[in-house]
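Here the structure comes first, spelled out in structure tokens, and everything after it is commentary.
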Number of protein chains: 2
Amino acid sequence: MTPVAIRKMERRKTFNEYIAKKRLKSTKQRDIIFDEFFSNYMGKHVTVEELYEDIKKRHPFIGFATVYRTLKLFMECGIASERNFGDGKARYEPVRSEREHHHHMICNQCGKIYEFANNQVESCLNQIAKLNEFQLTTHKLEIYGLCSDCKAAKTA
Amino acid sequence: MTPVAIRKMERRKTFNEYIAKKRLKSTKQRDIIFDEFFSNYMGKHVTVEELYEDIKKRHPFIGFATVYRTLKLFMECGIASERNFGDGKARYEPVRSEREHHHHMICNQCGKIYEFANNQVESCLNQIAKLNEFQLTTHKLEIYGLCSDCKAAKTA
DNA sequence: TATTAAATGGAAATTATTACCATAACGAAA
DNA sequence: TTTCGTTATGGTAATAATTTCCATTTAATA
Ligand SMILES: [Mn+2]
Ligand SMILES: [Mn+2]
Ligand SMILES: [Zn+2]
Ligand SMILES: [Zn+2]
């Protein structure tokens with residue numbers, strides 16, 4: 001089994017447990033959305049509309065509101081992260097593992113998104129919080145600018 | 001003259017120069033909004049609506065769209081910064097000085113906003129950008145959690 | 001002062017997201 | 001399996017922030 005498939009199974013387990021604990025229901029729609037999101041969007045940052053349009057191709061009966069609701073559900077149980085890159089629409093990405101916390105560099109020119117992780121930054125932030133007696137729960141960090149491709153294209 | 005007044009004059013100069021350069025017009029409304037923003041919102045993070053409501057008290061003829069347009073103008077010439085703290089509405093703060101670059105900690109409980117600056121984080125980000133051949137233009141960094149007051153209130 | 005370009009205010013349009021509601025589907029119990 | 005209370009769904013309407021439109025006003029400058 002591929003690493004992606006293993007991760008998908010782990011997320012499925014978390015999701016099922018959350019549904020059981022909260023006495024929610026397991027539905028066809030949730031299964032479809034789960035499958036699409038965790039099969040095709042690992043490492044991506046997808047818009048609700050993009051995901052909806054993609055799913056609709058194979059499952060035309062799925063409603064827009066359900067996709068919104070299901071992504072929110074994924075958030076609640078910690079298997080998806082919401083991202084906001086300043087274009088006014090929320091993006092979602094499957095959580096890969098608790099240890100794979102990361103941030104993003106966004107190219108203002110082409111819109112491509114690059115990921116990065118940095119332990120030094122993380123420990124800085126923890127220190128800053130501690131110093132201010134602030135109990136950190138989450139943080140957001142994005143770098144905006146020009147990616148190397150667009151930089152090259154500009155000088156060419 | 002107080003430091004706040006000096007800063008206000010410096011921003012005014014930048015604004016006037018920008019208006020001259022771009023052949024824009026100096027209007028009563030822009031003066032009013034400038035004055036309100038740089039007199040009463042230094043160190044604050046004000047919503048368009050808040051600023052509009054505040055101005056309307058003394059200048060009932062000012063239009064909503066004009067406040068939006070003028071804040072955008074302040075952004076363009078670099079005398080205001082836009083902030084987004086995840087509540088769906090943009091906030092603006094007067095730029096204090098080019099050297100006073102800073103970030104924010106937002107309390108999820110009481111909504112208070114705390115500012116911080118950290119050279120180590122800044123140089124980390126520059127290094128990360130350089131390593132990825134990314135030409136950094138801006139970055140956003142926010143810490144969310146519980147402020148010390150709210151933490152204390154919770155255990156009490 | 002006359003001319004031209006830009007700005008204004010109010011309202012309408014736009015856009016992402018949420019709420020509503022009548023109907024359908026789920027799941028535990030009988 | 002049938003029943004029954006609860007939850008989910010899909011379509012649409014509502015909401016909320018921001019932008020656009022446009023007829024009118026105003027500023028700049030010759
Ligand atoms: Mn990512
Ligand atoms: Mn600030
Ligand atoms: Zn690029
Ligand atoms: Zn607080």
Side-chain angles (χ1 to χ4, degrees), chain A residues 15-37 45-77 80-92 111, chain B residues 15-37 45-77 80-92 111:
Chain A
F15 187 51
N16 287 344
E17 282 167 6
Y18 185 78
I19 280 188
K21 192 180 64 186
K22 290 265 182 165
R23 302 266 148 68
L24 305 178
K25 286 174 181 171
S26 166
T27 70
K28 221 183 320 166
Q29 287 87 339
R30 286 176 177 166
D31 285 353
I32 288 166
I33 295 167
F34 181 96
D35 200 62
E36 188 79 12
F37 187 60
H45 308 85
V46 72
T47 276
V48 183
E49 174 140 43
E50 286 166 356
L51 184 60
Y52 169 66
E53 289 299 336
D54 194 13
I55 291 175
K56 219 174 45 172
K57 285 182 215 153
R58 259 161 286 175
H59 306 277
F61 60 87
I62 286 236
F64 205 38
T66 302
V67 178
Y68 263 99
R69 283 184 290 235
T70 305
L71 282 172
K72 184 167 283 177
L73 206 55
F74 291 171
M75 291 288 302
E76 278 170 38
C77 67
S81 314
E82 185 182 315
R83 310 291 188 181
N84 286 89
F85 297 145
D87 60 355
K89 42 192 99 171
R91 287 159 191 282
Y92 297 86
Chain B
F15 187 49
N16 288 345
E17 283 167 6
Y18 186 78
I19 279 186
K21 191 181 64 186
K22 290 266 182 162
R23 301 263 149 70
L24 305 179
K25 288 174 181 172
S26 165
T27 69
K28 219 183 323 165
Q29 287 87 340
R30 286 176 177 168
D31 285 355
I32 288 165
I33 295 167
F34 180 96
D35 200 64
E36 187 79 13
F37 186 59
H45 309 84
V46 72
T47 276
V48 183
E49 173 139 44
E50 286 167 357
L51 184 60
Y52 169 67
E53 290 298 337
D54 194 14
I55 290 175
K56 219 174 46 173
K57 285 182 212 152
R58 261 161 285 176
H59 307 277
F61 59 88
I62 286 235
F64 205 38
T66 302
V67 178
Y68 264 99
R69 284 184 288 234
T70 305
L71 281 172
K72 185 167 282 179
L73 207 54
F74 291 172
M75 291 287 302
E76 278 171 39
C77 68
S81 314
E82 185 181 316
R83 310 291 187 181
N84 286 90
F85 298 147
D87 61 355
K89 43 192 100 170
R91 287 158 191 282
Y92 296 87

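Numbers restart at 1 for each chain; the letters A, B, ... are given by sequence-line order, proteins then strands.
Applying the side-chain hydrogen bond (donor to acceptor under 3.5 Å, both in side chains) rule to B/Arg30 yields no partners; only residues at least two apart in sequence or on another chain are considered. Contacts of B/Lys72 classified as side-chain contact (heavy atoms from CB on, under 4.5 Å), with partners at least two apart in sequence or in another chain: B/Glu76. Taking A/Phe15 as the reference, A/Phe34, A/Phe74 meet the ring pair (Phe, Tyr, Trp, His ring centres under 6.0 Å) condition, with sequence neighbours excluded.
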Please tabulate, for side-chain N and O atoms in residues 51-65 of chain B, each donor-acceptor pair with protein atoms closer than 3.5 Å (sequence neighbours left out).
unit_1  : atom_1 : unit_2  : atom_2 : d
B/Asp54 : OD1    : B/Lys57 : NZ     : 3.3
B/Asp54 : OD2    : B/Tyr41 : OH     : 2.7

Review point. If the sugar-phosphate is the primed atoms plus P, OP1 and OP2 and the base is the rest, what is the B/S/- string for nucleotides 18-30 of chain D, using protein heavy atoms under 4.0 Å?
Key: BBBB-----BS--
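Nucleotide D/dA16 holds its P atom 13 Å from the CG atom of B/Asp87, rounded to whole Å. Rounded to whole Å, the distance from CD1 on A/Ile33 to P on D/dA8 is 13 Å.
Of the inter-residue distances, the one linking B/Ile32 atom CD1 with B/Thr70 atom OG1 reads 10.0 Å to the nearest 0.5 angstrom.
Across the interface with DNA chain D, nearest-nucleotide mapping of A/Leu73 and A/Tyr52 shows A/Leu73 to be the residue nearer the 5′ end.
A/Leu24 has its side chain within reach of A/Leu73: a pair of non-hydrogen atoms, C-beta onward, lies under 4.5 Å apart. Side-chain contact between B/Asn16 and B/Ser26 is absent, with no heavy atoms from C-beta onward closer than 4.5 Å.
In 5' to 3' order, the nucleotides of DNA chain C bounding all contacts with chain B (an atom under 4.0 Å from a heavy atom) are C/dA5 to C/dG10.
Between B/Tyr92 and the options B/Met75, B/Glu50, B/His45, B/Arg83, a side chain to side chain contact (heavy atoms under 4.5 Å, CB included) holds for only B/Met75.
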